[in-house]
Structure formats: C-alpha cells, structure tokens
Amino acid sequence: MGYVAIVVDDYDRAIQYYTSNLGFTLVEDTPQPGKRWVVLTPNPESDCNLLLACASNDTQKTFIGNQCGGRVFLFLQTDDFWRDYEAMKAAGVKFCEEPREEEYGTVVVFEDLYGNRWDLYQNN
C-alpha cells in the first residue's frame, strides 16, 4: 500500500500536528489547482504514506475525524513502544486509555488532531 488518504480541514494545521506531535516526516507538499498534494510518512524508509486530503465540500467535511465511524482507523507500528508513547504523550497527543499488553504485543489507542482513532502498537 502506498498511500492512505485522511480528510483534514487545513493542510498546514495537519502538517504541523502530524510532524510535531506524531513525529512524521513531510515527504511532499506540491500545489495543484485548487488543492495540494501533501504526503507524510511515519518512517522515511517505509513505502506507506499518509496523504492529506483537504475537505472541499460539506459532505467531505462531515467525515473529518470520523473516517471509520468511531473505530480505530489507522495502526501506527513502532519498534520501541515506550519511547514513542512517552514522546507522543510529551507532545500532547490525546490517549484514550492506558497502554496494555495483548497477545500480539503492546498497544494503546490515541486520537489525532481531528479525533480519528489510531492504535500505537509494537508486536511481540
């Protein structure tokens, strides 16, 4: 998978959050007619990227922060859960629960700037 699109209300606000609070890297920010092609990645060596899609009408605006009906929408895998959890916590990321150990690894649910729910997880 190359890109996962996420609907946002403002490119610059979203870039600021995902880079400062989640530690993503801005890969590309190219103006296009009526929009921008904005790509971020959690890991510059990964081929999986987050594509910011600014809502352009009222219907799209209704999906900001609720792209998966309140369920966890995205899964952010880490090789050091506690390092990333503590860094995100210090950066003001809103966690919905305390970290927990599951059969598959360590996980915690958090919400992004818009209220989309994510899992931060590390496999065993």
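Just so we're clear, the structure is a prediction, and the values are computed from it rather than from any experiment.
For the pair P42 and C48, the tightest heavy-atom approach, listed with the atom from each and the gap, is CD-O, 3.9 Å. Closest non-hydrogen pair, G105 versus N124, comes out as CA-OD1, 3.1 Å. Across every non-hydrogen atom of A91 and S20, the tightest pair is CB-O, 4.0 Å. In terms of heavy atoms, E111 sits closest to R117 at OE2-NH1, 3.8 Å. Heavy-atom minimum distance, I6 versus D112: CD1-OD2, 3.6 Å. Closest approach of Q67 to A5, counting heavy atoms only: NE2-O, 3.5 Å.
At distances below 3.5 Å, not a single donor-acceptor pair connects side-chain atoms of S46 with backbone N or O atoms of T41. Not a single donor-acceptor pair under 3.5 Å links the side chain of N57 to the backbone N or O of A55.
Each of V8 and V27 belongs to its own hydrophobic cluster when Ile, Leu, Val, Met, Phe, Trp and Tyr are linked at side-chain heavy-atom distances under 4.5 angstrom. Transitive grouping of hydrophobic side chains (ILVMFWY, heavy atoms separated by less than 4.5 Å) keeps L76 and Y121 in distinct clusters. Under the 4.5 Å side-chain contact rule for hydrophobic residues, V7 and M1 share a cluster. Hydrophobic clustering (side-chain heavy atoms under 4.5 Å, transitive across Ile, Leu, Val, Met, Phe, Trp, Tyr) keeps V39 apart from F73. Transitive grouping of hydrophobic side chains (ILVMFWY, heavy atoms separated by less than 4.5 Å) keeps V109 and L50 in distinct clusters.
Partners of S56 according to the side-chain hydrogen bond (donor to acceptor under 3.5 Å, both in side chains) rule, which considers only residues two or more places apart in sequence or in another chain, are Q60.
For the pair F110 and N116, the minimum side-chain heavy-atom distance is 4.5 Å or more. Residues V4 and L74 have side chains in contact (heavy-atom distance under 4.5 Å, counting atoms from C-beta outward). At least one side-chain heavy atom of L113 sits less than 4.5 Å from a side-chain heavy atom of R13. Side chains of V108 and D119 form no contact here, defined as non-hydrogen atoms less than 4.5 Å apart. When side chains are defined from C-beta on, C54 does not count as touching K35, because their heavy atoms never get closer than 4.5 Å. Counting heavy atoms from C-beta on, the side chains of L120 and V107 never come closer than 4.5 Å. Under the 4.5 Å side-chain criterion, counting only non-hydrogen atoms from C-beta, L52 is in contact with Y18. For the pair N21 and M88, the minimum side-chain heavy-atom distance is 4.5 Å or more.
We find that R100 and E98 are not joined by a salt bridge, their nearest charged nitrogen and carboxylate oxygen being 4.0 Å or further apart. Taking 4.0 Å as the cut-off between side-chain N and carboxylate O, R36 and D29 count as a salt-bridged pair.
Between F81 and Y85, the ring planes lie parallel to each other; the angle is under 30°, not in the 30° to 60° tilted range. In this pair, W118 and F24 present their aromatic rings perpendicular. The plane angle is above 60°, beyond the 30 to 60° band.
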* To do: Would you check, one step at a time, whether the test side-chain contact (heavy atoms from CB on, under 4.5 Å) holds for V93 with L22?
  => CA-CA 8 Å; V93 172; L22 300 186; 3.6 Å; yes
* Could you go step by step and tell me if T78 and Q122 meet the side chain to side chain donor-acceptor pair (under 3.5 Å) rule? -> CA-CA 5 Å; T78 177; Q122 180 178 3; 5.6 Å; no
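Separation of the Y17 and Y114 ring centroids does not fall under the 6.0 Å cut-off. Aromatic ring centres of Y3 and W37 lie closer together than 6.0 Å.
Taking CG of L51 as the reference point, atom CG of L40 lies at 9.0 Å (rounded to 0.5 Å).
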